[in-house]
Q: 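The structure under discussion is supplied below as structure tokens; questions concerning it will follow.
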Amino acid sequence: MDKRYDFKKFEDEIYAQWEESGYFNPDNLPDAKEPFSISMPPPNATGMLHIGHALFLTLQDIMVRHARMTGKKALWLPGTDHAAIATNAKVEKILKEEGKTKYDLGQEKFIERVDEYVSTSQDTIRNQIRKMGSSCDWSRERYTMDEGLTKAVQTAFIDMYNDGLIYQGNRIVNWCPHCESTLADDEVEHKDHNAQLYYIKYGPFIIATSRPETKLGDTGVAVHPDDARYQEYVGKTIDVDLAGHTITVKVFADPEVDQEFGSGVIGVTPAHSVVDFDFAEKHGLETIQVIDEKGIMTDKAGKYASLEAPDARKQFVNDLETAGLIEKIEDYVQATSLCYRCGSVIEPLISKQWFIAVNKPADRLNGKSLKQVSIEVVKNDEIHFVPSRFEKIYFHWMENLRDWCISRQIWFGHRMPVWYAKNDTKKEKPIVSKEKPEGDFVQESDTLDTWFSAGLWTFSTLGWPEITNDLKTYYPTSVMETGYDIIFFWVARMIIMGTYHMEKENIRDVVKESVPFKTVYLHGLVRDRLGRKMSKSLGNGIDPLEMIEKYGADAVRLSLVIGITPGNDLRMFEDKIKGYRNFATKLWNIARFAKERGVKLTSEIPTLEKAPDKTDNPDNFGPWILSELSGLYSNYENSLKEYNFGQAGETLYTFTWHSLADWYIEMCKKSENVDYHNHVLGYVLYWLLKLLHPYTPFVTEKIWNEFDQKNPLMVEQLSDKHFKSLEDKMDSENKEMKVLIKRASSVKQEIEKKRKQADIDENKEKYTKELESIAAYIKSLEKKLANKQFVKNAPKEVVEREQQKLEDFKQKKEELEKLLGE
RNA sequence: GGGCGCUUAGCUCAGUUGGUUUAGAGCGACUGGUUUACACCCAGUAGGUCGGGGGUUCGAAUCCCUCAGCGCCCACCA
């Protein structure tokens, strides 16, 4: 073996061997029975691996490798997402560099161009995923735009349409003038910014508005029903002159109006405000659109027509001022809506779009709505969140969910199975069908929201709408592991889609449950050393590929996992990774030490009676390390069961470095009982490599290989039964074990004592101090034990423990006193 | 406006239902050592009133209240 583990030399090779072995595919695990499955959150097909990917790949790989090694039929299904808006924008940018626009190409050619781009760049992310050591089943890889998933999307759309859950409607939507597309509610970000509040003389009222130009489209005035100031106008329709532009508004009362804010009167603009749209629906107001899809004033804006909205505002305010209609202008902080992709200010607009009705009772769901069922399955614990606090956030979002706008005006994406007669230019008579109807029909030009297909991911990738063996076996998936930032975008949508489509009559009895996953594990965000988000503009990102190159994939994996807790952000910096590179080297050297001594890996428990019966004999460390190993195993398994990946990792680290290397191996060297220790070491290493493998798959596999093992480590079994028998054996030889382990620890103390003795002269002062603090502690223990309340109320074990402590410290005190010659 | 999280050694973080720890780890600092498993090493030292205050309890980093700072999410006050 080389003196140092050269990860660069081995990692790619090891991965290739794994892949060739076919064991990433659970079909090739013949003895495995109980299924375990994870759908990989699909990275963007055109994306590059970033540190966030590295984190989820590590966590999921740990789960999958562990499942595989504990006898499960472990499937980790990889894939990529077409990321409609992002990819569309990317290709548009490339075209721009060529001096072209998408219109030069036309939709068909543009899509060809996108497909071309996607297929060349998909390989990049695939290979980057491999670099992390991800043991996913590439034979089942999917893409959200592949043939099968396209079919799934169409089937899902048609089913929901036929059930009345998808409808076309003229409703107010979030419009991004830059992307020229609608956005879902949660694709809109809210940011405070400084704005002006204009108080306008508005017929008999004063109204406040931050967007004066929209007032040209007002059709109503809202006041509070109890507001004495405006009672006389309620129910009346009045004409209002706004500097020469006359609008007609209906005055109505609604309890939503806050009497205290502004003047207590709202000018209602149904076409350009979400709230006002709701008012309009409720009170039967007309809508007048004064701003169009590109942010330009329409003909309805009278003399302001064809101006850009900000210019129209300036001019309009100017005109109002001249006419003496501006009462005052106040500064105030307003929450504006911004596009989450490009940051443009969102324009609420009324337009004809496709929606999913989340509140509508559905026959398939026994008259419950999508929303109700999605809430229910989490309340009933059919799905549970780790950490559970995110359930509250999920409920809150679900309860307030409005109908989901699923149509997008970008070119790249799933086409809807919707057709219009060629002369139906207003899209008034949609025909929903997979095939183009006979005659002169054109397909709906809008595409579907990316999250529509992403919502189907857990079952579309298993072959749905076909009823496949995979669907029967692996649905619902065991765990959904993803970031908390994506709960609404994705997790919630998968729950909506899964609980609906898997209730279909031909599926219901085939899958075990309709929920898409049983557990949602949410990890935190990776931040820089200062806790800032990693971003290109800050240049504070850590490139996982560069780090793999420098320190190895195992080191990157450990650095992402040790010390983390579910749902909490973590900070990442290079030194951390370097430290874990050292760990891999440490492990390598342990193995090298073993190999050079002629150690053979073995699963056979070393006999205990070989340890000689002498207090200071280093051979006593044999039983000691076995008991440590046994403790490690239960700690490890319990931590993983609770998704405490950080803790399990830390336990492995501490055992390997400190118990095994620093103590046990040091003792081995001092013993002449070579055969015995070789057995112990071969045994401990055999199991330790298995335990470590999910965390550091490369170096453990390589070491395993160095010991000429038959099978790859990745399909070796971590046997619960074995550790039970280790424990049993230790129990059955309980008395002897306890004595031996105790002796081992007394050897440790002996060594420390000798060390102290050696430097006692130089450090007399220090030990005197220590003696003082021990004396003080003894006093406090005595006081505690003299406290009747304590003895009465505390559990017996605690009291006993304190008594034991007292004795131990008394002994320590005596020893120290002896040392100091007092 | 509502909700959530965080605040523990110089830095990054653990700390399970309150009691196996007179508060732990890694990194960094300092002292010493070792060159036949490993300097990507070993032994050790220093460093913390567990954000402040109050309460419950025999016992609180851990539970409750309150205040402060940081961060995040949600939200239709025009």
Side-chain angles (χ1 to χ4, degrees), chain A residues 1 3-5 186 190 197 207-211 222 256-258 260-269 273-279 332 334-335 337 348 387 389-390 392-393 396-397 400 484-485 487-488 524-525 527 529 531-532 551 555 562-565 567-573 575-576 578-597 638-639 642 644 646-647 650 653-654 657-658 661-662 665-666 668-669 751-752 755 759 763 766 773-774 776-778 780-781 784 787-795 797-802 804-805 809:
Chain A
M1 285 171 80
K3 194 167 174 185
R4 263 188 208 155
Y5 169 61
D186 51 315
H190 300 273
L197 197 58
I207 57 128
T209 179
S210 59
R211 302 184 59 200
E256 293 279 302
V257 180
D258 180 354
E260 307 299 319
F261 189 88
S263 57
V265 185
I266 305 176
V268 179
T269 325
S273 152
V274 178
V275 203
D276 294 4
F277 181 83
D278 289 347
F279 276 141
Y332 94 124
Q334 186 197 27
S337 306
R389 69 182 133 92
F390 286 108
K392 261 187 277 179
I393 295 171
H396 181 255
W397 186 83
N400 293 294
Y484 65 73
D485 55 330
I487 294 175
F488 309 137
L525 267 37
R527 298 174 175 280
R529 176 166 225 135
R532 299 172 304 182
Y551 303 108
I562 290 186
I564 66 161
T565 40
N568 288 333
D569 293 352
L570 62 135
R571 300 188 188 199
M572 187 45 60
F573 38 91
D575 278 355
K576 213 171 176 176
K578 200 169 166 183
Y580 292 114
R581 187 265 325 258
N582 298 353
F583 176 79
T585 310
K586 189 75 187 177
L587 184 65
W588 179 258
N589 277 302
I590 290 170
R592 195 157 66 94
F593 171 79
K595 206 182 171 199
E596 278 167 13
R597 281 172 59 110
N638 287 335
S639 300
E642 284 156 31
N644 259 320
Q647 203 185 339
E650 202 176 313
Y653 181 98
T654 308
W657 202 307
H658 301 298
D662 289 349
I665 287 184
E666 289 308 314
C668 280
K669 289 200 240 172
I751 291 165
E752 271 158 27
R755 199 175 285 134
D759 63 2
N763 294 307
K766 199 175 81 193
S773 88
I774 287 176
Y777 186 48
I778 287 174
S780 84
L781 282 173
K784 198 178 204 177
N787 182 343
K788 277 180 197 155
Q789 294 283 7
F790 171 70
V791 179
K792 198 176 100 195
N793 292 323
E797 311 91 75
V798 175
V799 178
E800 276 169 16
R801 209 180 294 140
E802 295 299 305
Q804 184 62 45
K805 259 198 246 172
F809 273 87

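These numbers come from the heavy atoms of this one structure, side chains and all, not from hydrogens, waters or symmetry mates. A note on names: the letters A, B, ... follow the listed sequences, proteins ahead of strands, and every chain is numbered from 1.
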Q: So what does Asp485(A) touch, heavy atoms closer than 4.0 Å: a base, only the sugar-phosphate, or nothing?
A: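 No contact.
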Q: For U22(B) and G69(B), measure between their P atoms and round to the nearest Å.
A: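 One P to the other, the span is 36 Å.
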Q: Among A14(B), C40(B), G19(B), which nucleotide sits nearest the side chain of Thr585(A)?
A: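 Closest nucleotide among those given: C40(B).
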Q: Please work out the stems of RNA chain B from pairs that are Watson-Crick or G-U wobble with both distances under 3.5 Å, keeping only runs of three or more consecutive pairs.
A: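 Result, WC/G-U stems under 3.5 Å: B:1-7 with B:68-74, B:10-13 with B:24-27, B:29-33 with B:41-45, B:51-55 with B:63-67.
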Q: May I have the distance from Asp662(A) (atom CG) to G33(B) (atom C1'), rounded to whole angstrom?
A: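 Spelled out: CG on Asp662(A) to C1' on G33(B) is 14 Å.
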Q: I want to confirm an ordering. Mapping Arg592(A) and Phe583(A) to their closest nucleotides on RNA chain B, which one lands closer to the 5' end?
A: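 Residue closer to the 5' terminus by nearest nucleotide: Arg592(A).
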Q: Starting at atom CG of Leu781(A), determine the distance to atom P of G19(B), rounded to an integer number of angstrom.
A: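 About 16 Å, once rounded to whole Å.
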Q: Who pairs with Phe573(A) by ring pair (Phe, Tyr, Trp, His ring centres under 6.0 Å), at least two apart in sequence or on another chain?
A: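 Phe573(A): no ring pair (Phe, Tyr, Trp, His ring centres under 6.0 Å) contacts found.
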Q: For Arg389(A), report the nucleic acid contact type (base, sugar-phosphate, nothing); a contact means any heavy atom under 4.0 Å.
A: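 The answer is sugar-phosphate, as Arg389(A) gets under 4.0 Å only of primed atoms, P, OP1 or OP2.
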Q: With a 3.5 Å cut-off and just heavy-atom distances, do the side chain of Glu666(A) and the base of A43(B) make a donor-acceptor pair?
A: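 Between A43(B) and Glu666(A), which were checked side chain against base, a qualifying N/O pair under 3.5 Å is absent.
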Q: Which heavy atom of Ile774(A) sits nearest to which heavy atom of Phe809(A), and what is that distance?
A: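 Of all heavy-atom pairs spanning Ile774(A) and Phe809(A), the closest is CG2-O, 3.8 Å.
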Q: If you count every heavy atom of other residues, nucleotides or ligands that lies below 6.0 Å from Lys595(A) atom NZ, does the total exceed 12?
A: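 Result for NZ/Lys595(A): enclosed.
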Q: Which heavy atom of Cys668(A) sits nearest to which heavy atom of Arg597(A), and what is that distance?
A: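 What the structure gives for the nearest pair is O-NH1, 3.9 Å.
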Q: Could you state the NZ-P distance from Lys392(A) to C4(B), rounded to the nearest angstrom?
A: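 In whole Å, C4(B) P and Lys392(A) NZ are 5 Å from each other.
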Q: Classify Ile207(A) by what it touches in the nucleic acid, base, sugar-phosphate, or nothing, heavy-atom distance under 4.0 Å.
A: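 If one applies the 4.0 Å heavy-atom cut-off, Ile207(A) turns out to touch nothing in the nucleic acid.
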Q: If you apply the rule side-chain contact (heavy atoms from CB on, under 4.5 Å), what do you find for Phe261(A) with Leu197(A), and how did you get there?
A: CA-CA 11 Å; Phe261(A) 189 88; Leu197(A) 197 58; 4.0 Å; yes
Q: Would you measure the distance from the C1' atom in C4(B) across to the matching atom in C40(B) and give it in whole Å?
A: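 Comparing C1' positions in C4(B) and C40(B) gives a spacing of 41 Å.
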Q: With Tyr551(A), which residues qualify under ring pair (Phe, Tyr, Trp, His ring centres under 6.0 Å), at least two apart?
A: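 Applying ring pair (Phe, Tyr, Trp, His ring centres under 6.0 Å) to Tyr551(A) gives none.
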Q: Students often get this wrong, so: under 4.0 angstrom with heavy atoms, is Ala591(A) touching a base, only sugar-phosphate, or nothing?
A: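 No contact at all - Ala591(A) keeps every heavy atom at 4.0 Å or more from the nucleic acid.
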Q: OP1 or OP2 of C38(B) sitting under 4.0 Å from any side-chain N/O of Lys669(A)?
A: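 Checking C38(B) against Lys669(A), no side-chain N or O comes under 4.0 Å of OP1 or OP2.
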Q: Listed by chain and number, what are the side chain to side chain donor-acceptor pair (under 3.5 Å) partners of Arg4(A), not counting sequence neighbours?
A: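 Arg4(A) satisfies side chain to side chain donor-acceptor pair (under 3.5 Å) with no other residue.
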Q: Could you go through nucleotides 20-26 of chain B and list every protein N or O atom that sits under 3.5 Å from one of its N or O atoms, giving the distance for each pair?
A:
unit_1, atom_1, unit_2, atom_2, d
U22(B), OP2, Tyr777(A), OH, 3.4
U22(B), OP2, Lys805(A), NZ, 3.1
G26(B), OP1, His658(A), NE2, 3.3

Q: From the set A37(B), G15(B), G5(B), return the single nucleotide nearest to any side-chain atom of Asn568(A).
A: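 Comparing A37(B), G15(B), G5(B) against the side chain of Asn568(A), the answer is G5(B).
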Q: Whole Å only: how far is the CG atom of Leu525(A) from the C1' atom of G5(B)?
A: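 The answer, rounded to whole Å, is 13 Å.
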Q: Would you say a side-chain N or O of Arg4(A) is under 4.0 Å from OP1 or OP2 of C40(B)?
A: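 Yes, within the criterion.
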Q: Name all residues meeting the salt bridge (Lys or Arg N to Asp or Glu O under 4.0 Å) criterion together with Glu650(A); count only those two or more places apart in sequence or in a different chain, and write none if there are none.
A: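 Once residues adjacent in sequence are excluded, Glu650(A) has no partner under the salt bridge (Lys or Arg N to Asp or Glu O under 4.0 Å) criterion.
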Q: Please check if any side-chain donor atom of Thr565(A) sits under 3.5 Å from a side-chain acceptor atom of Asn568(A), or the reverse.
A: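 Yes.
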Q: In whole Å, measure the gap between the C1' atoms of A60(B) and G55(B) for me.
A: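 The answer is 11 Å between these two C1' atoms.
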Q: C1' atom, C70(B) versus A75(B): distance in rounded Å?
A: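 Per the computed distance, 22 Å lies between those C1' atoms.
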Q: Using the P atoms only, state how far C64(B) lies from A25(B), rounded to an integer number of Å.
A: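 Comparing P positions in A25(B) and C64(B) gives a spacing of 29 Å.
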Q: To the nearest 0.5 Å, tell me how far Leu587(A) CG sits from Asn582(A) CG.
A: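 CG of Asn582(A) is found 12.5 Å from CG of Leu587(A).
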Q: What is the distance, to the nearest angstrom, from the CG atom on Asn644(A) to the C1' atom on A14(B)?
A: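 Result: 10 Å.
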Q: Whole angstrom is fine here: how far is it from CG in Leu587(A) over to P in C41(B)?
A: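 It is 14 Å, rounded to the nearest whole Å.
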Q: Provide, to the nearest angstrom, the distance between the NZ atom belonging to Lys576(A) and the P atom belonging to C27(B).
A: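 From Lys576(A) NZ to C27(B) P: 13 Å.
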Q: Which one, C40(B), A37(B), A78(B), comes nearest to the side chain of Gln334(A)?
A: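 So the nucleotide nearest the side chain must be A78(B).
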Q: With sugar-phosphate meaning primed atoms plus P, OP1 and OP2, does Lys3(A) contact a base, only sugar-phosphate, or nothing at under 4.0 Å between heavy atoms?
A: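 Sugar-phosphate, no base atom in range.
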Q: Among residues at least two apart in sequence or on other chains, which ones pass ring pair (Phe, Tyr, Trp, His ring centres under 6.0 Å) with Tyr580(A)?
A: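 With sequence neighbours excluded, Tyr580(A) shows a ring pair (Phe, Tyr, Trp, His ring centres under 6.0 Å) to Tyr653(A), given in chain and number order.
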Q: Using the salt bridge (Lys or Arg N to Asp or Glu O under 4.0 Å) criterion, which residues pair with Arg592(A)? Sequence neighbours excluded.
A: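 Glu596(A).
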Q: Find every protein N or O atom lying less than 3.5 Å from an N or O atom of nucleotides 30-32 of chain B, and list the pairs.
A:
none

Q: Residues two or more places apart in sequence or in another chain: which of them pass ring pair (Phe, Tyr, Trp, His ring centres under 6.0 Å) with Phe593(A)?
A: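 Testing Phe593(A) for ring pair (Phe, Tyr, Trp, His ring centres under 6.0 Å), a comparison that skips the adjacent residues, returns none.
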Q: Please measure how far the P atom in G53(B) lies from the corresponding atom in U8(B), and state the result in whole Å.
A: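 Here G53(B) and U8(B) have their P atoms 15 Å from each other.
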Q: Which atom pairs link the protein and nucleotides 70-77 of chain B when you take only N or O atoms and keep those under 3.5 Å?
A:
unit_1, atom_1, unit_2, atom_2, d
C74(B), O2', His396(A), ND1, 3.4
C77(B), O2, Asp258(A), OD2, 2.8

Q: Using heavy-atom distances to pick each residue's nearest nucleotide on RNA chain B, tell me which of Arg571(A) and Asn589(A) is more 5'.
A: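 Nearest-nucleotide comparison on RNA chain B picks Arg571(A).
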Q: List, with names and distances, any nitrogen or oxygen atoms from the protein found under 3.5 Å away from nitrogen or oxygen atoms belonging to nucleotides 55-65 of chain B.
A:
unit_1, atom_1, unit_2, atom_2, d
C58(B), O2', Asn787(A), ND2, 3.2

Q: Closest approach to the side chain of Trp657(A), judged atom by atom: which nucleotide of C42(B), C4(B), C40(B) is it?
A: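 Nearest listed nucleotide: C42(B).
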Q: Whole angstrom is fine here: how far is it from CZ in Arg597(A) over to C1' in U36(B)?
A: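 It works out to 13 Å between those atoms.
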Q: Please give the distance between the P atoms of U20(B) and G24(B) as a whole number of Å.
A: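 Between the two P atoms, the distance is 11 Å.
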